[in-house]
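So that we are looking at the same thing, I have put the structure below in structure tokens.
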Amino acid sequence: MKGFEVTMRFVDEFRQPELISKAAEEIRRLADPGRHYRMMEVCGGHTHAIYRFGLKDVLPSNLELIHGPGCPVCVLPMGRIDDGLAVAQQPNVIFAAFGDMMRVPGTQGSPLEHKARGMDVRIVYSPADALKLARTNPEKHVLFFAIGFETTAPSTALTILRAKAEGIKNFSVFCNHVTIIPAIRAILDSPDMRLDAFIGPGHVSTVIGCRPYEWIAQNERKPIVVCGFEPLDLLQSIVMLLRQLKAGEAKVENQYKRVVPWEGNRAALRAMSEVFQLRSYFEWRGLGFISQSALRIRDEYAEWDTEQRFSVPGVRVTDPKAAQCGEVLKGVLKPHQCKLFGRECTPEHPIGALMVSSEGSCAAYYNYEHRKMATANILIQTA
Ligand code: SF4
């Protein structure tokens with residue numbers, strides 16, 4: 001054992017209170033009290049874990065965690081939801097998507113609201129499930145609404161390859177896959193953003209590995225640690241970042257070695273490059289158009305590409321003026337600083353996607369911090 005760094009194999013070992021205390025102690029020891037630290041957790045899964053496990057409560061007040069843009073549902077512009085639903089309005093089309101897409105608002109309502117009005121909308125757990133729907137409904141066309149970073153793109157690619165191999169023609173993918181590196185670049189280019197370091201995304205890195213982050217360390221001189229999703233993963237990553245900052249270093253480190261290979265998953269990357277190519281640009285909610293930041297289906301697989309098979313309206317929608325999703329996505333505002341937070345916009349009545357997805361920072365803040373504070377206020381009033 002060195003400090004709190006021990007070998008762990010089971011999930012409850014990553015949640016041991018005494019190890020968490022030791023990690024928190026080490027963070028307090030390393031953090032210079034005369035300095036304010038701003039670290040961005042890129043991934044929405046980390047944001048969720050930070051609120052779920054109350055990690056902010058064990059960090060020193062001069063260490064601020066900034067929530068990044070790594071929630072794929074949250075960064076999807078409303079127009080893309082409208083586009084997918086517009087195609088699915090056609091007769092004999094089944095709209096299939098992951099569960100976290102179902103309550104995301106489009107201008108004419110969410111997929112679930114469209115289902116209530118009669119659209120054939122199905123929740124699937126994987127693109128392979130959507131392909132199965134196509135096999136069992138040969139008289140219908142199944143549109144799979146694909147979202148996600150490089151984490152989910154390989155399974156979409158493999159499903160398209162399977163559809164081609166089996167000659168299934170009543171299946172297409174409305175591709176909204178995005179890539180993480182250009183989003184980090186856009187954040188770093190943002191003039192109103194000052195960051196000291198990055199907690200690197202864990203899930204995406206299982207596919208792309210750690211090498212694509214090297215420019216952040218080398219060119220931008222920002223340390224980055226690829227991190228797991230348990231409380232000790234996050235605290236250990238913060239320790240690793242503070243050690244780098246204290247030593248004046250900037251390098252890529254991999255805290256999540258038990259899952260993330262440094263070189264990534266070559267088979268997954270091969271499948272992606274077989275089926276997808278980069279779009280010249282793509283609109284991100286809150287970040288605007290970012291060049292080469294999303295994937296499209298190659299012409300060789302046009303038969304399985306919704307955008308090449310159907311006429312897609314290409315809707316562009318501006319978010320409601322008072323909604324500050326963009327600022328929250330860029331980490332400029334905290335969720336509760338949005339004017340609509342907790343009043344007009346709640347998980348029951350979401351206005352932005354950040355309040356819908358479990359990885360959305362507004363939903364995470366509402367479900368853990370906001371409810372905790374509301375309960376504390378009730379207890380004070382009734383005491
Ligand atoms: S509270 Fe609602 S409107 Fe405001 S940033 Fe969050 S999701 Fe967007």
Side-chain angles (χ1 to χ4, degrees), residues 38 40-52 54 56 64-82 84-85 97-114 145 147-149 176 178 183-184 186-187 190 192-193 195 282-290 315-375 377:
R38 286 168 59 88
M40 174 174 275
E41 85 277 1
V42 176
C43 178
H46 286 146
T47 306
H48 180 89
I50 287 161
Y51 285 122
R52 178 177 172 211
K56 275 169 62 225
E64 191 183 349
L65 294 177
I66 313 290
H67 314 314
C71 158
V73 175
C74 308
V75 295
L76 190 69
M78 205 184 264
R80 293 292 288 182
I81 301 161
D82 285 355
L85 290 167
F98 294 140
D100 55 358
M101 269 309 301
M102 289 296 148
R103 293 177 56 247
V104 177
T107 49
Q108 307 301 317
S110 66
L112 263 193
E113 285 165 320
H114 280 73
F145 192 94
I147 58 158
F149 287 92
N176 297 285
V178 284
I184 299 178
I187 294 280
S190 178
D192 43 5
M193 179 56 62
L195 291 171
F282 192 73
E283 187 181 5
W284 292 56
R285 196 174 211 164
L287 301 177
F289 285 91
I290 305 179
V315 177
R316 287 208 58 210
V317 182
T318 322
D319 282 337
K321 233 189 176 131
Q324 293 178 284
C325 307
E327 285 99 320
V328 175
L329 271 170
K330 281 191 284 187
V332 176
L333 288 184
K334 302 281 184 213
H336 63 91
Q337 291 171 324
C338 169
K339 294 185 203 88
L340 305 185
F341 180 89
R343 289 188 293 270
E344 292 86 348
C345 186
T346 63
E348 291 75 29
H349 300 285
I351 288 179
L354 288 78
M355 195 54 104
V356 179
S357 169
S358 63
E359 294 195 355
S361 49
C362 294
Y365 190 92
Y366 190 96
N367 286 326
Y368 297 106
E369 289 292 304
H370 185 74
R371 287 195 207 275
K372 193 168 73 183
M373 283 188 287
T375 311
N377 283 341

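As the structure is a computational prediction, the values presented were derived from the model and not from experiment. First listed ligand is number 1; within each ligand, the first listed atom is number 1.
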* Asked: Judged by atom type as modelled, is there a donor-acceptor pair below 3.5 Å linking the side chain of Arg80 to the main-chain atoms of Glu283?
  ->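 Such a contact is absent between Arg80 side chain and Glu283 backbone.
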* Atoms of ligand 1 close to Met355 [distance to a heavy atom under 4.0 angstrom, numbered from 1] ->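 Near Met355, the atoms of ligand 1 are 7 (S).
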* Can you tell if the side chain of Met101 reaches within under 4.5 Å of the side chain of Leu76, non-hydrogen atoms only? ->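 In short, these two side chains touch, coming nearer than 4.5 Å.
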* To do: Supply the atom-to-atom distance Leu329 CG to Ser361 OG, rounded to the nearest 0.5 angstrom.
  =>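 Rounded to the nearest 0.5 Å, the CG-OG separation comes to 6.5 Å.
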* How are the rings of Trp284 and Phe149 set to each other: parallel, tilted or perpendicular (split at 30° and 60°)? ->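 If you compare the ring of Trp284 with that of Phe149, the planes turn out tilted.
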* **Protein contact to atom 8 (Fe) of ligand 1 [nearest heavy atom, distance to 0.1 Å]** =>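 Heavy-atom neighbour on the protein nearest atom 8 (Fe) of ligand 1: Cys325 SG, 2.4 Å.
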* Asked: Of all the atoms in Cys338, is at least one N, O or S atom closer to atom 6 (Fe) of ligand 1 than 2.8 Å?
  ->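 It does not: Cys338 brings no N, O or S atom closer than 2.8 Å to atom 6 (Fe) of ligand 1.
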* Asked: Hey, which atoms in ligand 1 end up nearer than 4.0 Å to a heavy atom of Val328?
  ->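 Near Val328, meaning under 4.0 Å from one of its heavy atoms, ligand 1 has 5 (S).
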* To do: Give the atoms of ligand 1, by number and element, whose distance to some non-hydrogen atom of Leu354 is under 4.0 Å.
  =>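 With Leu354 as reference, the close atoms of ligand 1 come out as 7 (S).
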* **Protein heavy-atom partner closest to atom 6 (Fe) of ligand 1 - residue, atom, separation in Å** =>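 Result: Cys362 SG, 2.3 Å.
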* Verify the neighbour count for atom CD of Gln108: are there more than 12 heavy atoms of other residues, nucleotides or ligands below 6.0 Å? =>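 It does not: Gln108 CD has 12 such atoms or fewer within range.
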* Take Tyr51 and Asn367 through the test side chain to side chain contact (heavy atoms under 4.5 Å, CB included) and record every step on the way to the result. => CA-CA 8 Å; Tyr51 285 122; Asn367 286 326; over 6 Å; no
* To do: Verify the distance test for Cys345 against atom 8 (Fe) of ligand 1: any N/O/S atom under 2.8 Å, yes or no.
  =>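 Checking Cys345: none of its N, O or S atoms is under 2.8 Å.
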* Top protein contact for atom 3 (S) of ligand 1, by heavy-atom distance ->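 Its nearest protein heavy-atom neighbour is Ala323 CB, 3.6 Å.
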